[in-house]
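Given the structure is predicted, the values throughout are model-derived calculations rather than measurements.
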Amino acid sequence: MKFFTKKADLPPETAARVPKGQYLTEKWPVLHYGPVPTFDPRKWNLRVFGAVTNELQWSWDEVLQLDAEAKALVTADMHCVTTWSRLDQKWEGIPFSVIVEKAKPVHDARFVIAHSEHGFTANIPIEYCLRDDCLIALRANGEPLSAEHGRPARLVVPRLYAWKSAKWLRGIEFSKVDKPGFWEKNGYHNEGDPWKEQRYWGD
Ligand SMILES: Nc1nc2c(c(=O)[nH]1)N[C@H]1C(S)=C(S)[C@@H](COP(=O)(O)O)O[C@H]1N2
Ligand SMILES: [Mo]
């Protein structure tokens, strides 16, 4: 079995969904920097802070409550800058719009900074998070997120390269100013639109 398929070897309708320079994979690779964190539901929380009217902090039980109240189910393609793409990934969880409704970012908040375990951050122009395909995912492809894929919660921003979809999410910061994150400080493009091939600094 072949794991990576070139665009040229795909039927046209599938090839059209794979951005330039990407290969299709059937398997779901695991990719991140550093160790996989452990999840302790008694200690875990999720903060929403920064340029907002209401700063918030939710326990794991409160996140489960939010998940029961408003569900997002998003089918989206996933593009990693290291050139693999996976189509029709199914994400389930809390719509990003719920975070916005509850925290009320100030009118001139322009960026979302995802904060994860071990100090990992990713910066995202706010408009990508205000789209209806952005969510805090608790499940992928019908199963709770596995430890390697971000248990218990990850941000999913399908329109940008997957490094912006921060695994092991612990905080959402709204900001008036940009704050380049881990990969953005280490050579990756600040915005990371796969359809513009914004891979690295200078692209
Ligand atoms: N916390 C954290 N999230 C992260 C990363 C990371 O290093 N740390 N790497 C990103 C990168 S580069 C990619 S391609 C995706 C991969 O997600 P997956 O392992 O679920 O396929 O996670 C992203 N989220
Ligand atoms: Mo990546």
Side-chain angles (χ1 to χ4, degrees), residues 19 21-22 30-35 37 45-58 63 72 74 76-85 89 91 93-138 145 149-150 152-203:
Q22 296 290 110
V30 171
L31 212 138
H32 55 262
Y33 176 80
N45 58 20
L46 182 66
R47 286 177 68 210
V48 184
F49 62 101
V52 294
T53 314
N54 301 323
E55 295 212 332
L56 300 162
Q57 184 172 305
W58 292 308
V63 164
V74 171
D77 303 340
M78 184 176 188
H79 309 292
C80 170
V81 71
T82 63
T83 74
W84 57 263
S85 289
Q89 183 85 302
W91 302 106
I94 301 162
F96 196 86
S97 58
V98 168
I99 312 291
V100 170
E101 275 160 34
K102 296 200 185 278
K104 301 195 186 352
V106 299
H107 75 278
D108 51 350
R110 291 174 52 228
F111 300 91
V112 170
I113 319 296
H115 291 257
S116 296
E117 301 286 356
H118 306 314
F120 177 92
T121 61
N123 57 319
I124 301 133
I126 197 167
E127 54 272 22
Y128 289 97
C129 292
L130 300 180
R131 294 169 54 103
D132 63 6
D133 61 355
C134 181
L135 75 157
I136 313 286
L138 309 183
L145 286 175
H149 288 300
R154 79 186 289 174
L155 183 67
V156 175
V157 191
R159 276 289 290 123
L160 297 176
Y161 279 120
W163 84 75
K164 304 277 191 185
S165 290
K167 305 195 275 192
W168 313 298
L169 188 69
R170 293 294 305 274
I172 302 275
E173 176 185 358
F174 289 88
S175 176
K176 299 180 188 187
V177 295
D178 201 3
K179 298 181 182 179
F182 174 80
W183 291 112
E184 295 82 3
K185 282 189 204 150
N186 284 288
Y188 286 9
H189 194 280
N190 196 53
E191 285 204 17
D193 182 339
W195 297 100
K196 296 183 185 158
E197 259 206 297
Q198 294 172 332
R199 295 176 189 274
Y200 307 112
W201 292 351
D203 281 352

**Student:** Find the distance between CZ (Phe96) and CG (Asp133) and round it off to the nearest 0.5 Å.
**Tutor:** 12.0 Å
**Student:** So, Asn123 side chain and Ile113 main chain: donor-acceptor pair closer than 3.5 Å or not?
**Tutor:** no
**Student:** Phe182: which residues meet the ring pair (Phe, Tyr, Trp, His ring centres under 6.0 Å) condition with it, sequence neighbours left out?
**Tutor:** Tyr33, Phe120
**Student:** Between atom CG of Leu160 and atom CD1 of Ile124, what is the distance when rounded to the nearest 0.5 Å?
**Tutor:** 7.0 Å
**Student:** Under the side-chain contact (heavy atoms from CB on, under 4.5 Å) criterion, do Trp168 and His118 qualify, and how do the steps go?
**Tutor:** CA-CA 9 Å; Trp168 313 298; His118 306 314; over 6 Å; no
**Student:** Not counting sequence neighbours, list each pair that qualifies as a salt bridge (charged side-chain N to carboxylate O under 4.0 Å, His left out) and has a residue in residues 192-201.
**Tutor:** Lys20-Glu197, Arg159-Asp193, Glu197-Arg199
**Student:** Looking at every heavy atom in both Ala166 and Ala114, which two are closest together, and how far apart are they?
**Tutor:** CB-CB, 3.8 Å
**Student:** Residues in side chain to side chain donor-acceptor pair (under 3.5 Å) with Ser85, at least two apart?
**Tutor:** Gln22, His79
**Student:** How about Phe49 and His115: are their ring centroids closer than 6.0 Å?
**Tutor:** yes
**Student:** Excluding sequence neighbours, so at least two apart, what forms ring pair (Phe, Tyr, Trp, His ring centres under 6.0 Å) with Phe111?
**Tutor:** none
**Student:** How many angstroms lie between CH2 in Trp91 and CG in Leu145, if you round to the nearest 0.5 Å?
**Tutor:** 6.5 Å
**Student:** Could you state the interatomic distance from OG1 (Thr53) to CZ (Phe174), rounded to the nearest 0.5 Å?
**Tutor:** 10.5 Å
**Student:** Quick check for you: to the nearest 0.5 Å, what is the distance between Tyr188 atom OH and Tyr161 atom OH?
**Tutor:** 10.5 Å
**Student:** Listed by chain and number, what are the side chain to side chain contact (heavy atoms under 4.5 Å, CB included) partners of Gln57, not counting sequence neighbours?
**Tutor:** Asn45, Arg47
**Student:** Do Pro180 and Asn190 come close enough that some side-chain heavy atom pair is under 4.5 Å?
**Tutor:** yes
**Student:** List for me each residue that meets ring pair (Phe, Tyr, Trp, His ring centres under 6.0 Å) alongside His149, sequence neighbours excluded, and say none if there are none.
**Tutor:** Trp28
**Student:** Any idea which heavy atoms bring Leu135 and Pro95 closest together, and the distance?
**Tutor:** CB-CA, 4.3 Å
**Student:** Tell me, please, which residues at least two apart from Pro152 pass side chain to side chain contact (heavy atoms under 4.5 Å, CB included).
**Tutor:** Phe39, Trp44, Trp60
**Student:** Any salt bridge (charged side-chain N to carboxylate O under 4.0 Å, His left out) involving residues 93-115? Give me the pairs, sequence neighbours left out, ordered by first then second residue.
**Tutor:** Asp108-Lys176
**Student:** If you compare all heavy atoms of Cys134 against all heavy atoms of Val157, which two are closest, and at what distance to 0.1 Å?
**Tutor:** SG-CG2, 4.3 Å
**Student:** Flag the pair Trp84 / Leu31 as yes when at least one side-chain heavy-atom distance between them is below 4.5 Å, and no otherwise.
**Tutor:** yes
**Student:** Just verifying a value: how many Å separate Ile99 CD1 and Ile136 CD1, rounded to the nearest 0.5 Å?
**Tutor:** 4.5 Å
**Student:** Output all residues satisfying salt bridge (Lys or Arg N to Asp or Glu O under 4.0 Å) with Glu173, sequence neighbours left out; order by chain, then residue number.
**Tutor:** Lys179
**Student:** Taking side chain to side chain contact (heavy atoms under 4.5 Å, CB included) as the definition, give me every residue that meets it alongside Leu130, ordered by chain and number, with sequence neighbours left out.
**Tutor:** Val100, Ile126
**Student:** If you look at every heavy atom in Val74 and Pro158, which pair is closest and at what distance?
**Tutor:** CG1-CG, 4.4 Å
**Student:** How close do Pro194 and Pro19 get, counting heavy atoms only, and between which atoms?
**Tutor:** O-CB, 3.5 Å
**Student:** For Lys167, enumerate each residue passing the side chain to side chain contact (heavy atoms under 4.5 Å, CB included) test, keeping only those at least two apart in sequence or located in another chain.
**Tutor:** Val30, His32, Arg154
**Student:** Could I get the full list of side chain to side chain donor-acceptor pair (under 3.5 Å) partners for Glu184, not counting sequence neighbours?
**Tutor:** Trp163, Lys164
